[in-house]
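Only heavy atoms go into these numbers, but all of them, side chains included; no hydrogens, no water, no symmetry mates. Here the structure is a predicted model, which is why all the values come from computation and not from measurement.
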Amino acid sequence: MSDDVRPAGPFSAWELGLAWRYLRARRKDGGVALIAIISFLGIMLGVMVLVIVMSVMNGFTSELINRLLAVDGHVYVQGNTLTGAERQQTLQRVRSLPEVVEATPLIQAETFVTGPGGASAGGLVRGVRPDDLRASTIGRDGVRVGSLAGFGQGDYGGDTIVIGEAMAQRLGVGPGDTLTLLSQDGGGSAFGAAPLEKSYVVGAIVTTGVATFDQVMIYMPIDQAELFFAREGMWDMIQVTIQRPERAPETTERLRELLGPQAMVLDWTTQNATMRGALAVERTVMRLILMLIVLVAALNIISGIVMLVKNKTRDIAIMRTMGAGQGSILRIFLTAGFSIGAAGTLIGFALGVLFCLFIRPIQSFIESLIGRSLFPPEIYFLDGIPARIEWPEIIIIAGAALVLSALAALIPSWRASRIDPVEALRYE
């Protein structure tokens with residue numbers, strides 16, 4: 001060998017070119033094009049489905065949490081600091097934090113509601129200041145019938161309340177109708193506490209976006225709630241909305257330091273721990289199940305490369321006798337197998353992302369073809385299928401598919417590199 005001739009390095013042009021040539025070879029020439037295509041399609045569809053399903057699940061989870069938090073807030077302050085004159089100071093301290101968007105004092109209690117026709121239902125009364133209700137998401141976007149203009153001002157000749165849409169349908173009432181509420185805590189007599197009944201006028205019907213809340217929710221002016229539920233001079237909680245809900249535990253710690261030991265501060269991650277845990281388990285199980293699709297497709301690569309090695313045993317022996325090392329043989333077949341998985345992963349990744357980005361137009365197109373709604377808003381309380389792409393998650397999905405493809409191609413490639421050229425030519 002002359003001094004100016006150097007051996008080719010790993011993954012050199014001749015190794016890559018030979019791997020590509022083997023993949024393109026026809027079956028009669030010893031190629032495995034059909035198996036390669038099947039493996040490619042399997043990995044592509046597996047990755048695409050995995051990206052779409054996980055993004056849609058993330059969208060539903062995000063939509064559910066956002067709707068729950070639109071009603072319940074992100075952080076809750078309770079305790080002795082909400083009694084007497086101290087409650088206003090506590091409210092100001094809560095609002096002093098820069099990350100706090102809104103802090104709303106509330107009184108919350110259960111009640112029994114009777115409609116004008118005799119229909120009855122259980123209810124959850126939330127006493128809120130009128131300006132806070134009008135400024136909330138429910139006040140801005142959730143009013144279905146009626147108006148919040150008279151909330152807290154005694155329209156219709158009586159005290160005004162606001163009820164959920166599902167409750168209004170169940171009781172058969174609308175704006176201007178009268179409901180009778182029962183309080184177990186509001187009445188008193190010579191013999192002790194006694195239930196208190198009072199009539200209120202429905203001023204508006206709203207939707208919170210969550211069916212379970214719409215079935216029970218009643219909004220009442222907070223000063224009326226203080227009297228009706230015997231809460232004079234006290235609030236049950238301050239509901240806090242922050243800029244970034246995922247940082248609620250950090251805000252909770254800051255509020256605990258700011259308000260002292262007399263305040264009990266909780267956040268939505270604690271209040272909804274069971275639901276969050278169930279959603280996390282569901283996502284993990286679904287991710288593992290769908291990853292099995294990619295694994296099965298990757299196993300096709302093994303069968304394809306095994307057949308390719310069997311068909312190219314003579315070529316392997318000739319290359320070995322001409323000086324090709326075991327590493328070169330391994331890299332040739334590893335490149336061939338990994339190329340199938342890499343191409344399927346990248347194209348499946350791109351198709352999955354595009355599907356999620358254009359899921360609304362795709363939904364509309366399918367609905368126009370079949371002539372009916374795929375996602376009725378009156379049932380799901382959503383105007384379309386939500387999809388939220390979390391880039392770290394789908395990048396991990398693509399990385400896992402690439403790793404599975406590499407491992408699948410490595411096993412038969414290693415066996416190909418161990419073929420004895422003398423024995424291969426003898427039996428060929």
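Side chains of Pro116 and Thr178 form no contact here, defined as non-hydrogen atoms less than 4.5 Å apart. A 4.5 Å side-chain heavy-atom check between Gln78 and Ile238 finds every atom pair outside the cut-off. A 4.5 Å side-chain heavy-atom check between Phe213 and Val71 finds at least one atom pair inside the cut-off. Between Phe358 and Phe365, the closest side-chain pair of non-hydrogen atoms is not below 4.5 Å. Within the 4.5 Å cutoff, no side-chain heavy atoms of Thr180 are placed close to those of Val113. Side-chain contact between Leu227 and Glu232 is present, with heavy atoms from C-beta onward closer than 4.5 Å. For the pair Ser413/Thr335, no side-chain contact is recorded, criterion being any heavy-atom separation below 4.5 Å from C-beta on. Counting only heavy atoms from C-beta outward, the side chains of Asn80 and Glu86 never approach each other to under 4.5 Å.
A salt bridge links Arg283 with Glu393: the distance from a Lys NZ or Arg NE/NH1/NH2 to an Asp or Glu carboxylate oxygen falls below 4.0 Å.
In this structure, the side chain of Arg95 engages the main chain of Ala103 through a donor-acceptor pair within 3.5 Å. A donor-acceptor pair under 3.5 Å links the side-chain atoms of Ser417 to the main chain of Trp414, judged by distance alone. Between the side chain of Thr90 and the backbone N or O of Thr81, at least one donor-acceptor pair lies under 3.5 Å. Judged purely by atom type and a 3.5 angstrom limit, Thr252 has no side-chain atom pairing as donor or acceptor with the backbone of Val265. In this structure, the side chain of Thr61 does not engage the main chain of Asn58 through any donor-acceptor pair within 3.5 Å. Side-chain atoms of Trp268 come within 3.5 Å of backbone atoms of Pro245 as a donor-acceptor pair (strictly under, hydrogens ignored).
A salt bridge (charged side-chain N to carboxylate O under 4.0 Å, His left out) check over residues 130-140, counting only residues at least two apart or in different chains, returns the pairs Arg129-Asp132, Asp131-Arg134. Among pairs with a residue in residues 97-123, those fulfilling side-chain hydrogen bond (donor to acceptor under 3.5 Å, both in side chains) read Glu99-Arg254, Gln108-Arg126, at least two apart in sequence or across chains. Residue pairs satisfying the ring pair (Phe, Tyr, Trp, His ring centres under 6.0 Å) criterion with at least one member in residues 62-91, sequence neighbours excluded, are absent.
By the ring pair (Phe, Tyr, Trp, His ring centres under 6.0 Å) test, Phe333 is found to be paired with Tyr22, residues two or more places apart in sequence or in another chain being considered. Scanning for side chain to side chain donor-acceptor pair (under 3.5 Å) contacts around Ser303 gives an empty result, with sequence neighbours left out. Considering only residues two or more places apart in sequence or on other chains, Asp177 meets the salt bridge (Lys or Arg N to Asp or Glu O under 4.0 Å) condition with none of them.
Between the side chains of Gln215 and Arg170, not a single donor N or O lies within less than 3.5 Å of an accepting N or O. Residues Gln169 and Asp214 bring no donor and acceptor atom of their side chains to less than 3.5 Å of each other. Under the 3.5 Å distance criterion, with hydrogens and angles disregarded, a donor-acceptor pair is assigned to the side chains of Gln363 and Glu367.
Closest non-hydrogen pair, Ile316 versus Ala416, comes out as CG2-O, 3.9 Å. Residues Arg87 and Gly233 approach most closely at NH1-C, 3.4 Å, considering heavy atoms. Taking each heavy atom of Leu402 and Phe338 in turn, the nearest pair found is O-CE1, 3.5 Å. Across all their heavy atoms, Gly122 and Val216 have their closest contact at O-CG1, 4.0 Å. The two atoms that bring Ile302 and Ala408 nearest to each other are CG1-O, 3.1 Å, heavy atoms only. Contact record, Gly46 with Val294: C-CG2, 3.8 Å, taken as the closest heavy-atom pair.
To the nearest 0.5 Å, atoms CD1 (Ile332) and CG (Leu16) are separated by 9.0 Å. Atom CD1 of residue Ile389 and atom CD1 of residue Ile52 lie 10.0 Å apart, to the nearest 0.5 angstrom. Here the CZ-CG distance, from Arg231 to Leu82, works out to 12.0 Å after rounding to the nearest 0.5 Å. Taken to the nearest 0.5 Å, the CD atom of Glu257 stands 10.5 Å off from the CG atom of Leu259. We find the CZ-CD1 distance between Arg287 and Ile289 to be 11.5 Å, quoted to the nearest 0.5 Å. Rounding to the nearest 0.5 angstrom, the gap separating the CD1 atom in Ile305 from the NZ atom in Lys312 is 12.0 Å.
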Step-by-step side-chain contact (heavy atoms from CB on, under 4.5 Å) determination, Trp391 to Val353:
CA-CA 10 Å; Trp391 293 104; Val353 171; 3.7 Å; yes

Apply side-chain contact (heavy atoms from CB on, under 4.5 Å) to the pair Lys198 and Asp159, showing each step before the final yes or no.
CA-CA 10 Å; Lys198 188 173 181 180; Asp159 298 311; 3.0 Å; yes

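Ring planes of Tyr200 and Phe228: perpendicular class, angle over 60° (limits at 30 and 60°).
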